[in-house]
2 protein chains.
Amino acid sequence: MGTLGKHYLLDLKDCRKDRLDDMDFIKEVLLDVAKEAGTAVIGESFHRFLPQGLSGVVLITGAHLCIHTWPEYGYAAIDIFTHGDSFNPEEAARLIVDKFESKNPAIVELKRGF
Amino acid sequence: MGTLGKHYLLDLKDCRKDRLDDMDFIKEVLLDVAKEAGTAVIGESFHRFLPQGLSGVVLITGAHLCIHTWPEYGYAAIDIFTHGDSFNPEEAARLIVDKFESKNPAIVELKRGF
């Protein structure tokens, strides 16, 4: 049994604020992450709050990506869960940090399972 | 600023195995959690693996729920993310543990934000 899933929690501070409130940009980032990993997107759902902020979830074969943003603080909480080998969570995390231009990212890896 | 989101990670061991492979049951549980909290479901996506196992994500106003199951081990990895006050993550966690009849649940609460 052992580790069944890897769960990366990203707390991204000092991001580009405009990008944290841009639905099209965020969708593109998360779908690009799936595409770069060569995995299929099963489903996605996004919601934009007023006056600002956004939440989104993407289900991928062998993985999920979730994001919640606070543009007013330049902050995003993201999590990447993977199981199996099709998806490299470290590469995904790196790509996401780059895209939001976070100057102060904190990434924690948790092993899920036994 | 401070805490912007609460993130509960549930590692549920010794669950009822049949329930971990039952798409209809799992959908019902997660949608019930949203309903009990009086919050709206924005979107949902589920996928069943062959020969067994299931992944699902549900986006709720002010929250998300994700689940990945391994019926063969009686194990489920679940996470509940909430921001705002509309959704009580502790009640949601309790309901989910009950529904899967986990005899060995581990729940970790993480604060997300600053």
Side-chain angles (χ1 to χ4, degrees), chain A residues 1-14 20 30 39-50 53-84 86-87 104 106 108 110-114, chain B residues 1-14 20 30 39-50 53-84 86-87 104 106 108 110-114:
Chain A
M1 294 194 270
T3 301
L4 297 174
K6 287 182 182 177
H7 205 165
Y8 280 64
L9 306 184
L10 286 64
D11 287 291
L12 305 190
K13 297 166 197 166
D14 299 325
L20 296 179
L30 298 191
T39 50
V41 172
I42 296 162
E44 48 160 277
S45 181
F46 288 87
H47 178 71
R48 198 168 175 280
F49 295 94
L50 291 175
L54 191 145
S55 290
V57 297
V58 179
L59 184 61
I60 299 165
T61 313
H64 81 232
L65 304 171
C66 297
I67 184 167
H68 302 271
T69 73
W70 283 260
E72 65 274 38
Y73 301 132
Y75 170 78
I78 292 161
D79 73 281
I80 305 170
F81 184 100
T82 68
H83 57 95
S86 59
F87 197 96
N104 186 8
V108 174
L110 299 168
K111 293 189 187 342
R112 305 292 299 270
F114 292 86
Chain B
M1 293 193 270
T3 300
L4 296 174
K6 288 183 182 177
H7 205 164
Y8 280 65
L9 305 184
L10 286 65
D11 287 291
L12 305 190
K13 297 166 196 167
D14 299 326
L20 296 179
L30 298 191
T39 50
V41 172
I42 296 162
E44 46 158 305
S45 182
F46 288 88
H47 179 70
R48 198 167 176 281
F49 294 94
L50 292 174
L54 191 144
S55 290
V57 297
V58 179
L59 184 61
I60 299 166
T61 312
H64 82 233
L65 304 170
C66 297
I67 184 166
H68 301 272
T69 73
W70 282 261
E72 64 274 38
Y73 301 131
Y75 171 78
I78 292 161
D79 73 282
I80 305 170
F81 184 101
T82 68
H83 56 96
S86 59
F87 196 97
N104 185 8
V108 174
L110 300 168
K111 293 188 188 343
R112 305 293 299 270
F114 292 88

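Throughout, a chain's letter reflects where its sequence line sits, starting with A, and its residues are numbered from 1.
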Trainee: Once rounded to the nearest 0.5 Å, what's the spacing between atom CG of B:L59 and atom NE2 of A:H47?
Mentor: 8.0 Å
Trainee: Report which part of B:I60 has an atom under 4.5 Å of a heavy atom belonging to chain A: side chain, backbone, both, or neither.
Mentor: neither
Trainee: So does B:A76 get a backbone contact from the side chain of A:R112, meaning a donor-acceptor N/O pair under 3.5 Å?
Mentor: no
Trainee: Identify the heavy atoms of B:Y75 and A:G113 that sit nearest to each other, and give their distance.
Mentor: OH-N, 2.9 Å
Trainee: Measure distances from A:F46 to the heavy atoms of chain B and classify the residue's part below 4.5 Å as side chain, backbone, both or neither.
Mentor: backbone
Trainee: Counting heavy-atom pairs under 4.5 Å to chain B, which of A:L110, A:V58, A:V57, A:V108 comes out on top?
Mentor: A:V57
Trainee: For B:S45 and A:G43, which heavy atoms make the closest approach, and how far apart are they?
Mentor: OG-CA, 3.3 Å
Trainee: Let me confirm one number: the OH-CG distance from B:Y73 to A:L4, rounded to the nearest 0.5 Å.
Mentor: 6.5 Å
Trainee: Is B:L9 close to chain A through its backbone or its side chain, or both, or neither, when contacts mean heavy atoms under 4.5 Å?
Mentor: both
Trainee: Closest approach of B:T61 and A:F49, non-hydrogen atoms and distance?
Mentor: CG2-CE2, 4.2 Å
Trainee: Can you tell which part of B:L10 gets under 4.5 Å to a heavy atom of chain A, answering side chain, backbone, both or neither?
Mentor: backbone
Trainee: For B:H68, is it the side chain, the backbone, both, or neither that has a heavy atom closer than 4.5 Å to a heavy atom of chain A?
Mentor: side chain
